[in-house]
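Heavy atoms only: backbone and side chains are in, while hydrogens, waters and symmetry mates are out.
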Amino acid sequence: MSTLSNATLQNFDKNTAPLSRDAAEQRLQQLPDWRIEEHDGELQLRRDYTFKNFVQALEFANRVGALAEEVDHHPAITIEWGKARVCWWTHSIGGLHDNDFVMAARSDDIK
(Lines give C-alpha, C1' and ligand atoms only; values in the text may rest on other atoms or scores of the structure.)
Protein backbone atom coordinates (compact mmCIF):
# COMPACT_ATOMS: atom_id res chain seq x y z
CA MET A 1 0.00 0.00 0.00
CA SER A 2 1.47 3.34 -1.02
CA THR A 3 1.53 6.58 0.95
CA LEU A 4 -0.56 8.14 -1.79
CA SER A 5 -3.32 5.57 -1.39
CA ASN A 6 -3.53 6.42 2.32
CA ALA A 7 -4.02 10.12 1.66
CA THR A 8 -7.32 11.67 2.67
CA LEU A 9 -9.59 12.75 -0.17
CA GLN A 10 -10.01 16.51 -0.31
CA ASN A 11 -13.25 18.43 -0.31
CA PHE A 12 -13.78 20.75 -3.25
CA ASP A 13 -16.57 22.41 -5.19
CA LYS A 14 -17.42 22.78 -8.86
CA ASN A 15 -15.50 26.08 -8.99
CA THR A 16 -12.22 24.31 -8.18
CA ALA A 17 -9.83 24.54 -11.10
CA PRO A 18 -8.48 21.25 -12.49
CA LEU A 19 -4.76 20.59 -12.21
CA SER A 20 -2.58 21.95 -14.98
CA ARG A 21 -0.78 19.43 -17.16
CA ASP A 22 2.52 20.32 -15.45
CA ALA A 23 1.07 19.80 -11.97
CA ALA A 24 -0.55 16.54 -13.08
CA GLU A 25 2.73 15.31 -14.62
CA GLN A 26 4.51 15.97 -11.31
CA ARG A 27 1.93 13.93 -9.40
CA LEU A 28 2.08 11.19 -12.02
CA GLN A 29 5.64 10.39 -10.91
CA GLN A 30 4.07 8.62 -7.92
CA LEU A 31 2.07 6.36 -10.28
CA PRO A 32 4.56 4.87 -12.77
CA ASP A 33 2.06 2.53 -14.45
CA TRP A 34 -0.46 5.28 -15.18
CA ARG A 35 -0.54 7.81 -18.00
CA ILE A 36 -2.25 11.11 -18.60
CA GLU A 37 -4.40 11.35 -21.70
CA GLU A 38 -6.66 14.06 -22.99
CA HIS A 39 -10.19 13.02 -23.88
CA ASP A 40 -12.83 15.53 -25.00
CA GLY A 41 -10.56 18.35 -23.85
CA GLU A 42 -10.16 16.97 -20.31
CA LEU A 43 -7.07 15.39 -18.78
CA GLN A 44 -7.63 11.88 -17.42
CA LEU A 45 -5.54 9.26 -15.66
CA ARG A 46 -5.59 5.90 -17.42
CA ARG A 47 -4.16 2.51 -16.73
CA ASP A 48 -4.62 -0.86 -18.39
CA TYR A 49 -4.47 -3.89 -16.11
CA THR A 50 -4.01 -7.45 -17.33
CA PHE A 51 -5.52 -10.61 -15.89
CA LYS A 52 -5.55 -14.32 -16.64
CA ASN A 53 -9.18 -14.29 -17.79
CA PHE A 54 -12.42 -12.36 -17.99
CA VAL A 55 -13.61 -13.38 -14.53
CA GLN A 56 -10.55 -11.89 -12.85
CA ALA A 57 -10.93 -8.65 -14.82
CA LEU A 58 -14.60 -8.49 -13.83
CA GLU A 59 -13.82 -9.14 -10.16
CA PHE A 60 -11.23 -6.35 -10.21
CA ALA A 61 -13.69 -3.95 -11.86
CA ASN A 62 -16.30 -4.78 -9.23
CA ARG A 63 -13.83 -4.11 -6.40
CA VAL A 64 -12.80 -0.76 -7.90
CA GLY A 65 -16.48 0.05 -8.37
CA ALA A 66 -17.25 -0.75 -4.74
CA LEU A 67 -14.38 1.47 -3.61
CA ALA A 68 -15.62 4.28 -5.85
CA GLU A 69 -19.12 3.99 -4.45
CA GLU A 70 -17.79 4.22 -0.88
CA VAL A 71 -16.25 7.63 -1.55
CA ASP A 72 -18.72 8.83 -4.22
CA HIS A 73 -16.00 9.31 -6.82
CA HIS A 74 -16.49 7.13 -9.90
CA PRO A 75 -14.13 6.16 -12.72
CA ALA A 76 -14.77 4.87 -16.18
CA ILE A 77 -13.99 1.14 -16.23
CA THR A 78 -13.83 -0.95 -19.38
CA ILE A 79 -13.41 -4.71 -19.16
CA GLU A 80 -12.76 -7.37 -21.73
CA TRP A 81 -11.17 -10.78 -21.72
CA GLY A 82 -8.04 -10.52 -19.57
CA LYS A 83 -8.04 -6.72 -19.41
CA ALA A 84 -9.50 -3.83 -17.47
CA ARG A 85 -8.94 -0.14 -18.20
CA VAL A 86 -9.55 2.34 -15.41
CA CYS A 87 -9.85 6.08 -16.09
CA TRP A 88 -9.99 8.59 -13.26
CA TRP A 89 -10.84 12.27 -13.61
CA THR A 90 -13.15 14.65 -11.84
CA HIS A 91 -16.19 15.26 -14.01
CA SER A 92 -17.47 18.26 -12.07
CA ILE A 93 -14.29 20.30 -12.63
CA GLY A 94 -13.54 19.01 -16.11
CA GLY A 95 -10.15 17.46 -15.46
CA LEU A 96 -7.78 16.09 -12.87
CA HIS A 97 -7.85 16.72 -9.12
CA ASP A 98 -5.53 15.37 -6.42
CA ASN A 99 -8.32 12.94 -5.49
CA ASP A 100 -7.93 11.21 -8.86
CA PHE A 101 -4.32 10.37 -8.06
CA VAL A 102 -5.32 8.99 -4.66
CA MET A 103 -7.99 6.83 -6.25
CA ALA A 104 -5.56 5.61 -8.92
CA ALA A 105 -3.18 4.51 -6.16
CA ARG A 106 -6.04 2.76 -4.37
CA SER A 107 -6.94 0.99 -7.60
CA ASP A 108 -3.35 -0.28 -7.78
CA ASP A 109 -3.69 -1.57 -4.21
CA ILE A 110 -6.74 -3.60 -5.25
CA LYS A 111 -4.78 -5.25 -8.07
At their closest point, which heavy atom of G65 faces which heavy atom of I77, and how far apart are they? N-CD1, 4.2 Å
Where is the tightest heavy-atom contact between A104 and L31, given as atom of each residue plus distance? CB-CD1, 3.7 Å
Under 6.0 Å from the CG atom of N11, do we count more than 12 heavy atoms belonging to anything else shown? no
L9 side chain reached by M103 side chain, heavy atoms, under 4.5 Å: yes
Report the residues that fulfil side chain to side chain contact (heavy atoms under 4.5 Å, CB included) with Q30, sequence neighbours left out, ordered by chain and then residue number. L4
Spatial distance of atom NE2 (H39) from atom CD (Q44) [nearest 0.5 Å]: 6.0 Å
Applying side-chain hydrogen bond (donor to acceptor under 3.5 Å, both in side chains) as the test, list every pair that has at least one member in residues 55-72; sequence neighbours left out. E69-H74
Can you list the residues that meet the side chain to side chain contact (heavy atoms under 4.5 Å, CB included) rule with Q10, with sequence neighbours excluded? H97, D98, N99
Hydrophobic side-chain clustering at under 4.5 Å (ILVMFWY, transitive links): who's grouped with V55? Put none if nobody. none
Scan residues 49-58 for pairs that pass salt bridge (charged side-chain N to carboxylate O under 4.0 Å, His left out), counting only residues two or more places apart or in two chains. none
From L45 CG over to I36 CD1, what is the distance, rounded to the nearest 0.5 angstrom? 6.0 Å
Considering residues at least two apart in sequence or located in another chain, which fulfil the side chain to side chain contact (heavy atoms under 4.5 Å, CB included) criterion with K83? E80
Write down the atom of R106, the atom of V71, and the distance for their closest heavy-atom approach. NH1-CG1, 4.2 Å
Residues passing the ring pair (Phe, Tyr, Trp, His ring centres under 6.0 Å) test with Y49, sequence neighbours excluded, are F60
Got a sec, which residues hit salt bridge (charged side-chain N to carboxylate O under 4.0 Å, His left out) with R47, two or more places apart in sequence or on another chain? D33, D108
Please list, one pair per line, the donor and acceptor atoms closer than 3.5 Å that link side chains of residues 85-93 to other protein atoms, with sequence neighbours excluded.
unit_1	atom_1	unit_2	atom_2	d
R85	NE	D48	OD1	2.7
R85	NH2	D48	OD1	3.4
R85	NH2	D48	OD2	3.2
W88	NE1	S107	OG	3.1
W89	NE1	E42	OE1	3.0
T90	OG1	D100	OD1	3.2
T90	OG1	D100	OD2	2.7

Gap between atom CD1 of I79 and atom CG of L58 - 0.5 Å precision: 4.5 Å
Please list, one pair per line, the donor and acceptor atoms closer than 3.5 Å that link side chains of residues 16-24 to other protein atoms, with sequence neighbours excluded.
unit_1	atom_1	unit_2	atom_2	d
T16	OG1	D13	N	3.2
T16	OG1	D13	O	2.9
S20	OG	A23	N	3.1
R21	NH1	E25	OE2	3.2

Residues at least two apart in sequence or cross-chain that pass ring pair (Phe, Tyr, Trp, His ring centres under 6.0 Å) with F54, listed by chain then number, are none
